[in-house]
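All residue numbers in this chain count up from 1 along the given sequence.
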Amino acid sequence: MTVQSKEASAAKAKSKWVYFHMWANITGICVLLQARPMLMSRNLKGNAAEVARIMSYMSAGVGMLELLLNPLAGQLSDKFGRRNFLLISPLVNFFNKLYVAFNPTLAALAWERVIDGAITTLGGSTTCAASLSDLFSGQELGKAFGNLGSAAGIGALCGSFISGRLLTRNWSPENLFQLSAAFGLIQFIVDYNMVGETLSKESRSKKPISFPNPFSCLT
C-alpha cells in the first residue's frame with residue numbers, strides 16, 4: 001500500500017466518526033422537538049400563542065449567539081484543532097439537558113435552548129465541515145459533505161421516531177430530556193475515544209486571535 005493510499009484510508013476512517021458525531025448531534029436535538037414545547041405549554045398554562053412567541057425569541061437568541069461565536073470559534077479551531085470543539089457539544093448538552101430534566105422551569109428551558117442550540121451548531125455542523133475540509137479536497141470533499149448531510153437527515157429521522165414512540169408509551173417530556181442527556185454523555189465518551197484530530201500541527205494558524213466582525217459575511 002502506497003503512502004497516498006494509506007493517507008486516503010486514514011482520512012476515510014476519521015471521516016466516519018465525524019459523520020457519527022453529526023448523526024448523534026441531530027438525533028439528540030430531534031428527540032426533544034416535542035418535549036420542549038410540551039414543557040413550555042405546561043409552564044404557560046396551555047397558552048399556545050405565548051409558547052410560540054417565546055420559542056421564536058429563543059430561536060432568535062440562538063442565531064444571535066451563533067453570529068457572535070462562530071467567527072471566533074473558526075479562528076480558535078484553526079489554531080488549536082477541531083477535536084476539542086467536537087467534544088464541547090455533547091458535554092454541554094449533557095449538563096444542560098440534565099438540569100432541565102429535573103428543573104423544567106421556563107428560565108431553564110430558555111437557557112438550554114439558546115446555549116445548546118448555539119454550541120451544537122458550533123461543535124456540530126460548523127466544526128464537522130471544517131474537519132472534512134482538513135481530510136478531503138475536490139470531488140471527495142463534495143462527497144463528504146453529501147455524507148454529512150445524509151448523517152444529519154438520518155439523525156432527524158431517528159430522533160423524531162424515538163420521540164414519537166416514547167411519548168405514545170407514556171414517557172413524560174422530562175423523561176425525554178433525561179434520555180437526551182444520557183445520549184449526550186454516551187456521545188461524549190464515544191467521541192473522546194474514537195474521534196481523531198483532523199488538523200495537523202503544520203496546518204494550524206499562527207495568527208494571533210482577534211474578535212472578528214460577525215457582519216463581514218455581508219460585505
Side-chain angles (χ1 to χ4, degrees), residues 1-31 62-63 65-94 115-160 180 183-207 209 212 214 216-217:
M1 184 180 291
T2 64
V3 173
Q4 189 173 5
S5 60
K6 285 183 179 179
E7 290 178 349
S9 297
K12 287 183 178 180
K14 286 184 177 181
S15 69
K16 289 178 181 178
W17 291 108
V18 175
Y19 304 144
F20 164 81
H21 177 85
M22 188 66 177
W23 167 80
N25 264 8
I26 301 300
T27 299
I29 290 171
C30 290
V31 162
V62 173
L65 197 56
E66 287 176 357
L67 181 68
L68 295 174
L69 289 181
N70 271 332
L72 181 61
Q75 288 190 69
L76 291 171
S77 69
D78 285 344
K79 193 173 186 66
F80 300 109
R82 319 296 186 196
R83 185 172 181 272
N84 292 332
F85 286 88
L86 292 176
L87 293 175
I88 286 173
S89 171
L91 193 60
V92 170
N93 285 342
F94 166 68
I115 299 300
D116 283 6
I119 294 297
T120 298
T121 301
L122 184 68
S125 55
T126 301
T127 309
C128 285
S131 297
L132 294 177
S133 298
D134 297 333
L135 298 172
F136 303 106
S137 61
Q139 292 182 349
E140 290 300 315
L141 180 59
K143 292 177 183 177
F145 283 153
N147 290 336
L148 189 67
S150 297
I154 295 171
L157 287 173
C158 291
S160 300
S180 186
F183 194 77
L185 181 60
I186 293 170
Q187 182 189 355
F188 174 78
I189 293 170
V190 174
D191 282 355
Y192 185 84
N193 288 284
M194 303 304 298
V195 173
E197 179 56 65
T198 60
L199 184 65
S200 65
K201 292 183 177 180
E202 295 77 18
S203 301
R204 295 184 185 184
S205 174
K206 304 298 189 296
K207 297 179 181 178
I209 299 297
S216 59
C217 61

> Sequence neighbours excluded, which residues qualify as side chain to side chain contact (heavy atoms under 4.5 Å, CB included) partners of F94?
L98, A181, L185
> Look up atom CG in L132 and atom OG in S15, then write down how far apart they are to the nearest 0.5 Å.
6.5 Å
> Please report the interatomic distance CG(D191) to NE2(H21), rounded to the nearest 0.5 Å.
5.5 Å
> To the nearest 0.5 Å, what is the distance between OG (S125) and CD (E66)?
7.5 Å
> May I have the list of side-chain donor-acceptor pairs in residues 76-91 shorter than 3.5 Å, sequence neighbours left out?
residue: S77; atom: OG; partner: A73; partner atom: O; Å: 3.3
residue: S77; atom: OG; partner: G74; partner atom: O; Å: 3.1
residue: S77; atom: OG; partner: R82; partner atom: NH1; Å: 2.9
residue: D78; atom: OD1; partner: R82; partner atom: NH1; Å: 2.9
residue: D78; atom: OD1; partner: R82; partner atom: NH2; Å: 3.3
residue: K79; atom: NZ; partner: K207; partner atom: O; Å: 3.3
residue: R82; atom: NE; partner: D134; partner atom: OD2; Å: 2.8
residue: R82; atom: NH2; partner: D134; partner atom: OD1; Å: 3.1
residue: R83; atom: NE; partner: V195; partner atom: O; Å: 2.8
residue: R83; atom: NH2; partner: Y192; partner atom: O; Å: 2.3
residue: S89; atom: OG; partner: N25; partner atom: OD1; Å: 3.4

> Can you list everything that forms a salt bridge (Lys or Arg N to Asp or Glu O under 4.0 Å) with K143? Sequence neighbours excluded, please.
E140
> Please give me the minimum heavy-atom distance between L135 and A11, naming the atom from each residue.
CD1-O, 3.7 Å
> With rounding to the nearest 0.5 Å, note down the distance linking CG in N93 to CD1 in I119.
9.0 Å
> Would you compute the distance between atom CD1 of I26 and atom CG of L157 and round it to the nearest 0.5 angstrom?
11.5 Å
> Which distance, rounded to the nearest 0.5 Å, do you find between the CG of N147 and the NZ of K12?
10.0 Å
> Which pair of heavy atoms, one from V190 and one from W17, lies closest together, and at what distance?
CG1-CZ3, 3.7 Å
> What is the minimum heavy-atom distance between S200 and R204, and which atoms define it?
O-CG, 3.2 Å
> A10: what forms a side chain to side chain contact (heavy atoms under 4.5 Å, CB included) with it, not counting sequence neighbours?
none
> By side chain to side chain contact (heavy atoms under 4.5 Å, CB included), which residues pair with F183, not counting sequence neighbours?
W23, A24, T27
> Is there a side-chain contact between T127 and V18, using heavy atoms and a 4.5 Å cut-off?
no
> For A13, which residues count as a side chain to side chain contact (heavy atoms under 4.5 Å, CB included) partner, sequence neighbours excluded?
none
> Restricting to non-hydrogen atoms, name the atom on A156 and the atom on C30 that form the minimum distance, rounded to 0.1 Å.
CA-SG, 3.6 Å
> If I compare all heavy atoms of T198 with all of S131, which pair ends up nearest, and what's the gap?
OG1-CA, 3.4 Å
> Any donor-acceptor pair under 3.5 Å linking the side chain of T120 with the backbone of D116?
yes
> Measure across G28 and S180 and return the closest heavy-atom pair with its distance rounded to 0.1 Å.
O-OG, 3.3 Å
